[in-house]
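Residue numbering restarts at 1 for every chain, and letters A, B, ... go by the order of the sequence lines. Just so it is clear, the model here is predicted, and its values are computed rather than measured. Computed over heavy atoms, backbone and side chain alike; hydrogens, waters and symmetry mates excluded.
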Amino acid sequence: MPNDDGSLIKLDGIHKWFGDTHVLKGVDLALDPGQVQVIVGPSGSGKSTLLRCVNLLELPTEGHVWFDGNDITDVRTDINGVRTNIGIVFQAYNLFPHMNVLKNITVALEKVLNVTSGEAKERAMEQLRHVGLDDRADAHPGQLSGGQQQRVAIARALAMRPRLMLFDEVTSALDPELVGEVLAVIRELAEEGMTMMVVTHEMGFAREVGTWMVFMDDGVIAERGEPKAMFANPQTERLQTFLSQVL
Amino acid sequence: MATVTAEDNLLPPETRGTPSAFSWSVTVAGAMAVGLVLVGTILIQITFALGPATVTPRCVEAGIRPDNPEETGADGVCDIVEGLESGSQTVTLYLSLGIGAYAVVAGFGAYRSMRTRRRRDQCIAGAALGIQAIAIAGFILWFRTGEIGIFFFQFANAHFLQGTFDAFARGAVNTMKLAVVGELGGIAIGLILALLAISKRAVVRAPARAYINLFRGTPLILQLSLAYFGVILGLQIQAGAITVAMIVLALNTGAYAAEVFRAGLQSIERGQMEAARSLGMSYLQAMRYAIVPQAVRRVIPPLMNEFVILIKDTSLVAVLGLTFAEYELYATGRELYSTNLNATPFIAVAIAYLVVTLPLIGLVNIAERHLRSGLVGIGGEH
């Protein structure tokens, strides 16, 4: 039952209620290692909630999340340990404003993974080079542009050496001219074979980077397939309408 | 970071226009009226203080007893009375009233018809100063109609402060000991209570809420009395009054600090907790490394405000049975009052509290400005 189909992550019958609001209405989704799952859909369709159910930032009201053979929705699971294997990048960056860039990255390495401070710094600098910001290690988040902050947030998640990366509309808060630098980092990650789930409004990027795509509408997956095929030949009327509005 | 160019160093253009002779006259009149009543009154006082110290018939008429002036300070008090009742004081007051009235009438009457912003500002500034001058001069005129001889003998008699410096210094030290220990203990208790009070579990919140409401809902003077008389006299547990007072002040401050910390913790964006948790931190680790350090920075100004309040509240400790060496500022003043039956020490106590609290209040304002830089008061022109 768990990930014996070779999947790394598997969502099984996920429902989520916020009070009286039924946000997710039975979602099944699985992703194999090295693949990129993009999730698109109109706002309010539940795509961010679905992504946040993957690392249990939102606890599904019903259903199970399987990660690497374990049911992480089981109350006995050490969720903190699981989360070190699942990185997430938020729309609002959520860097720690009272720490400099380097400390933002090393704090969890040292306090959660018990990496020595020397090695933590090495790993942090390696990731900062990866996103092209090794010269800003001493800066505080408030001194960086939105695009730079988001790249630091990506480096912070990657330094944990996660096996799965989640991206939650990471370019939505950015000025248009800064979107490209962030997408370039994610594109490079995809090429390196990182397993990723990406919620995005950037349709061109979704088509280019996704192995698979799901279109969410009103709390369910309305259509799924390969991005190129879905863009070229949408099967459902809802996706056709959506694409005509955003493209 | 933006580089500073030569242009940035230039002053912004002056857009408020030119002043006029009239608008200048209003501002100057207002400033003169205030300056006259303040500086004039002080100069007259200095003149009389430097002159011969004798108890004049006028002072006797004003209620000062002429016998043994050296032992009652009556001669010094008489200088104050003489100065206030002198003819030059009267001239000063009426002159200030007149000039102030001109500034008010001219300023408020004409500011709407001024052609430039600068002139309008000058008219309003002059009128505002004029009102202040009228208020001060009017107050002194009213004050002079009372028995000022008796008043100053009771409240401004430097004679009764002679040789009291050591007592006040010790009182100030004791006040600050109580306040600092109370504040430090209160901050520790408050932070723990706040962390409990924001728990999602009602069973964890409940005891914290009960504690906070209990201490915020009863008067500090009652808490001090109950702890002191209940613990020492009731339970017969040996503890000094100051020790009990420090503990009660810390417990009480803890309840208020808890509410300050709670507001500070809840003001941190939800995303900070999510980011920390998503990196694998436990709830306590996320609190310790991500949330609390940010919250502490935000609550420094309100905590300093609480500290100012606590400094003043230490005066309530005087209701406990203190030994002379334990007297804080208020008890020191009270003791000196009952020794001499003269209230001047209370004025000295007030000044001593202000010496400590005014710089602290200034620090709070600086800290607040530092935290929300860029936001100047609404209603200003900047």
Side-chain angles (χ1 to χ4, degrees), chain A residues 48 51-52 54-59 78-99 103-115 120 136 139-145 149 152-153 155-162 164-168 173, chain B residues 1-4 8 187 191 194-195 198-204 260-304 367-375:
Chain A
S48 279
L51 196 76
R52 291 157 59 83
V54 173
N55 68 349
L56 262 55
L57 279 184
E58 302 291 354
L59 187 64
D78 167 26
I79 190 60
N80 298 328
V82 172
R83 283 187 180 135
T84 62
N85 286 307
I86 305 178
I88 184 167
V89 183
F90 302 92
Q91 179 178 340
Y93 332 132
N94 294 346
L95 294 178
F96 305 129
H98 57 300
M99 300 176 183
K103 187 77 186 158
N104 258 279
I105 303 176
T106 56
V107 62
L109 292 176
E110 291 175 22
K111 307 302 178 190
V112 178
L113 298 183
N114 296 316
V115 170
R136 303 311 305 273
H140 275 260
Q143 300 168 308
L144 301 179
S145 72
Q149 289 190 54
V152 172
R156 177 173 71 176
L158 289 176
M160 301 294 285
R161 297 191 179 146
L164 172 65
M165 280 289 289
L166 309 175
F167 292 91
D168 187 5
Chain B
M1 300 246 108
T3 50
V4 178
D8 291 332
I187 284 173
L191 185 55
L195 289 170
I198 59 168
S199 168
K200 62 178 179 183
R201 294 176 214 285
V203 290
V204 179
V260 171
F261 275 121
R262 184 181 58 78
L265 289 169
Q266 288 176 336
S267 77
I268 305 298
E269 301 71 27
R270 201 184 136 92
Q272 292 290 312
M273 175 57 90
E274 291 182 346
R277 295 305 305 274
S278 71
L279 289 165
M281 288 189 199
S282 67
Y283 176 81
L284 285 180
Q285 282 179 318
M287 276 291 168
R288 178 168 164 200
Y289 299 114
I291 311 297
V292 170
Q294 295 184 57
V296 164
R297 267 158 243 223
R298 280 189 204 182
V299 300
I300 285 173
L303 278 183
M304 285 168 71
E368 274 181 343
R369 222 174 305 145
H370 192 71
L371 274 171
R372 50 182 89 125
S373 47
L375 282 179

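- In this structure, CG in Leu57(A) is found 11.0 Å from CE in Met273(B), a value given to the nearest 0.5 Å.
- For chain B, the nearby part of Arg52(A) is the side chain; its heavy atoms alone come within less than 4.5 Å.
- Here the closest heavy-atom approach between residue Arg83(A) and residue Arg277(B) is recorded as CD-O, 3.1 Å.
- Rounding to the nearest 0.5 Å gives a distance of 9.0 Å between NZ of Lys111(A) and OG1 of Thr106(A).
- Minimum interatomic distance between Ile105(A) and Ala159(A) (heavy atoms only, all atoms of both residues): CG2-CB, 3.4 Å.
- Taking OG of Ser278(B) as the start and CG of Leu56(A) as the end, the distance is 12.5 Å to the nearest 0.5 Å.
- Within residues 279-289 of chain B, the residues having any heavy atom under 4.5 Å from a heavy atom of chain A are, by residue number, Leu279(B), Gly280(B), Met281(B), Ser282(B), Gln285(B), Tyr289(B).
- With a 4.5 angstrom heavy-atom cutoff, Leu166(A) does not touch chain B via any of its atoms.
- Using non-hydrogen atoms only and a strict 4.5 Å limit, the part of residues 92-99 of chain A facing chain B consists of Asn94(A), Leu95(A), Phe96(A), Pro97(A), His98(A), Met99(A).
- Summarising the geometry of Phe261(B) relative to Ile187(B), their closest heavy-atom pair is CE1-O, 3.6 Å, with the distance given to 0.1 Å.
- Residues Arg298(B) and Pro302(B) approach most closely at O-CD, 3.9 Å, considering heavy atoms.
- Considering all non-hydrogen atoms of both residues, Leu144(A) and Gln149(A) come closest at O-NE2, 3.4 Å.
- Summarising the geometry, atom CG belonging to Asn55(A) is positioned 4.5 Å from atom CD1 belonging to Ile88(A); distances are rounded to the nearest 0.5 Å.
- In this structure, Met160(A) CE and Asn85(A) CG are separated by 8.5 Å, a value rounded to the nearest 0.5 Å.
- By the side-chain hydrogen bond (donor to acceptor under 3.5 Å, both in side chains) test, Gln91(A) is found to be paired with no residue, residues two or more places apart in sequence or in another chain being considered.
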> Going through the distances and angles, do Thr84(A) and Leu113(A) end up as a side chain to side chain contact (heavy atoms under 4.5 Å, CB included)?
Replying inline: CA-CA 8 Å; Thr84(A) 62; Leu113(A) 298 183; 4.0 Å; yes
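- For chain B, the nearby part of Glu58(A) is the side chain; its heavy atoms alone come within less than 4.5 Å.
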>> Pair Glu110(A), Lys103(A) - check side chain to side chain contact (heavy atoms under 4.5 Å, CB included), show working.
In response: CA-CA 10 Å; Glu110(A) 291 175 22; Lys103(A) 187 77 186 158; 4.2 Å; yes
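- Listed here is the closest heavy atom pair of Pro141(A) and Asn104(A): CG-ND2, 3.8 Å.
- Residues from residues 263-271 of chain B that place a non-hydrogen atom less than 4.5 Å from a non-hydrogen atom of chain A comprise Arg270(B), Gly271(B), given in numerical order.
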